[in-house]
Amino acid sequence: MRSIRAAATGAVTLSLVLAASACGGGSSTGGGSNDSPKTLTYWASNQGASIEIDKKVLQPELDKFEKQTGIEVKLEVVPWSDLLNRILTATTSGQGPDVLNIGNTWSASLQATGALLPWDAQNFSKIGGKDRFVDSALGSTGVPGQDPAAVPLYSMAYALYYNKQIFADAGIAKPPATWAELVADGKKIQAKGKQVLGAEGANVSENIHHVFVFAKQHGADFFTADGKPDFTNPKVVDAVKQYVDLMAKDKAIPAGNAEYAQNQSVSDFAKGKTAMLLWQSASANLKSQGMSEDAYGIAPVPVQSGTPGSGTQVNSMVAGINLAVFKNTDNLDGATKFVKFMTSDEEQKILNKAYSSIPPVKTAQADAAFTAPANAVLKDTLARSAAALPQVPDESQFETAVGTAVKELFADAAAGRAVTTESVKAKLEKAQQQMPAK
């Protein structure tokens, strides 16, 4: 999901998620129509450093689409703090956009509403076929075994960004490959008066992404094989504690970052206040804030030991943005044409270059523009050491409940309250109780 964005906030209840059988766009039949063939409404997610930057990136491409098809696209860039709740409201009201961006981690939850157009073989054939897309991106488009609820648009992975000058001043020759090395390097960095590692402690989605990776590295999952929440599994508890301990115990994450939720950690890194940053495809964001590409390096996210890979060597969730169509759109043909346009090789290259993300379309990903060193780390991570977040109908509730628990634990750490195994387990037990009953 979101690369350079704030978290979706607010409680997401099962009744809200499952209430609708159809959704936005405008068709009264709920099955889609072509009653308004000359216009489309598009909700885009905030991918850039600001909404205005997104408009500058997207509007020329939408104008190009209008010139080609005669269809006007009415653009609204929606902040991540509002996007999920606005989508869920649209599923219940029946009033929403025709086409929208969704964080790929929400695919299964939104699929469960019945609100989104299923991308079956016939629909995929209209945009060039399912086999155009890389497997890792398709793995986060809905519940396994069902037709995808969305089409991959931007692919991203987490990486460790590090300030070369701060490292040199601290006598650190290379980026840390393990968490133990990161903590040890942090002491050298702090001795030079710099902050160590930026984080967004109040960003519930960001929290989920990181504790998911830590859980994988501990050999654990947040859900059992049959999809039941397993948040108090001892290995999950240990994983969450290790992440929060980067602030509570190791002092690598500054206490003030417990309140960060709006990309402040990216700004701190761009300004040279912080030595390291864990972020999805951050290059475009850093450039927009005036940081030269020569000033930082990019390395894989640390693991417990060894090198990144599968199993306990996972070091990123499969991040990305999917493109979905509301099933009751009143311009079904136009919406399909728009998805085809946005996932065309040309547009994939333009848009993913603008956002420093990786095209999920195979032929576009092979372009020379995506073989630079910065992209090499991201591509390798997606290919070898990234795992999809649980594609279960309750995924959005999971993000809210567990992400909030981690937020509260960071608040405890910042306030000097002890973060113990027992307190972590208690927060996760409370989060599990908030999940829908099976």
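Positions are given from 1, in the same order as the sequence printed here. Because the structure is predicted, anything quoted here is derived from the model rather than measured.
For the 3.5 Å distance criterion, the side chains of N322 and T141 fail to qualify, holding no donor opposite an acceptor. Between Q289 and S267, the side chains place a donor N or O and an acceptor N or O closer than 3.5 Å (distance only, hydrogens not considered). With no hydrogens or angles considered, no side-chain donor-acceptor pair links Y154 and N101 at under 3.5 Å.
Between the NZ atom of K353 and the CD atom of Q348 there is a distance of 12.0 Å, given to the nearest 0.5 Å. Rounding to the nearest 0.5 Å gives a distance of 10.0 Å between CG of L378 and CE of M156.
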Between side-chain atoms of residues 53-64 and protein atoms elsewhere (two or more places apart, or another chain), which donor-acceptor pairs fall under 3.5 Å?
{"residue": "D54", "atom": "OD1", "partner": "Q47", "partner atom": "N", "Å": "3.4"}
{"residue": "D54", "atom": "OD1", "partner": "G48", "partner atom": "N", "Å": "2.9"}
{"residue": "D54", "atom": "OD1", "partner": "Y355", "partner atom": "OH", "Å": "2.6"}
{"residue": "D54", "atom": "OD2", "partner": "N46", "partner atom": "ND2", "Å": "2.6"}
{"residue": "D54", "atom": "OD2", "partner": "Q47", "partner atom": "N", "Å": "3.0"}
{"residue": "D54", "atom": "OD2", "partner": "G48", "partner atom": "N", "Å": "3.3"}
{"residue": "Q59", "atom": "NE2", "partner": "D63", "partner atom": "OD1", "Å": "2.9"}
{"residue": "E61", "atom": "OE1", "partner": "K64", "partner atom": "NZ", "Å": "2.9"}
{"residue": "K64", "atom": "NZ", "partner": "E346", "partner atom": "OE2", "Å": "3.4"}
{"residue": "K64", "atom": "NZ", "partner": "E347", "partner atom": "OE2", "Å": "3.1"}

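With sequence neighbours excluded, no residue forms a side-chain hydrogen bond (donor to acceptor under 3.5 Å, both in side chains) with T404. The side-chain hydrogen bond (donor to acceptor under 3.5 Å, both in side chains) test applied to K407 returns no partner, not counting sequence neighbours. Legend: residues meeting ring pair (Phe, Tyr, Trp, His ring centres under 6.0 Å) with F269, ordered by chain and number and at least two apart, are absent.
The aromatic rings of H209 and Y158 sit perpendicular to each other, their planes meeting at more than 60°, with 30° as the lower class boundary. Using cut-offs of 30° and 60° on the angle between ring planes, the pair Y243 and H210 is tilted.
By the 4.0 Å N-to-carboxylate-O rule, D380 lies close enough to R384 to be salt-bridged with it. Checked for salt-bridge contact, D169 and K194 miss the test: no charged N lies under 4.0 Å from a carboxylate O.
Residue-environment remark: NZ (K340) stays at or below the threshold of 12 foreign heavy atoms within 6.0 Å. More than 12 heavy-atom neighbours from other residues, nucleotides or ligands sit within 6.0 angstrom of NZ on K379.
Within the structure, salt bridge (Lys or Arg N to Asp or Glu O under 4.0 Å) contacts touching residues 360-370 (residues at least two apart or in different chains) are K349-D367. For the ring-ring contact (aromatic ring centres under 6.0 Å, His included) condition, the pairs that include at least one residue of residues 361-403, sequence neighbours left out, are F222-F398, F223-F398, F231-F398.
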Problem set entry | Derivation and outcome, ring-ring contact (aromatic ring centres under 6.0 Å, His included), residues F65 and F338 | CA-CA 8 Å; F65 176 75; F338 184 65; 5.2 Å; yes
Problem set entry | Stepwise ring-ring contact (aromatic ring centres under 6.0 Å, His included) test for W106 and W80 | CA-CA 12 Å; W106 303 339; W80 282 97; 5.4 Å; yes
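Within the 3.5 Å criterion, the main-chain N or O of I166 finds a donor-acceptor partner in the side chain of N163. With hydrogens and angles ignored, the 3.5 Å screen pairs a side-chain donor or acceptor of S109 with a backbone N or O of P393. Within the 3.5 Å criterion, the main-chain N or O of A248 finds a donor-acceptor partner in the side chain of K251. Of the possible polar contacts, none joining the T274 side chain to the G198 backbone as a donor-acceptor pair under 3.5 Å is found. For E181 (side chain) and A177 (main-chain N/O), a donor-acceptor pair under 3.5 Å exists by modelled atom type. Checking side-chain atoms of S423 against main-chain N and O of V419 turns up no donor-acceptor pair under 3.5 Å. Under the 3.5 Å distance criterion, the side-chain polar atoms of Q111 are left unmatched by any main-chain donor or acceptor of P148.
Residues V339 and T343 approach most closely at O-OG1, 2.7 Å, considering heavy atoms. In terms of heavy-atom proximity, A388 sits nearest to S140 at CB-OG, 3.4 Å.
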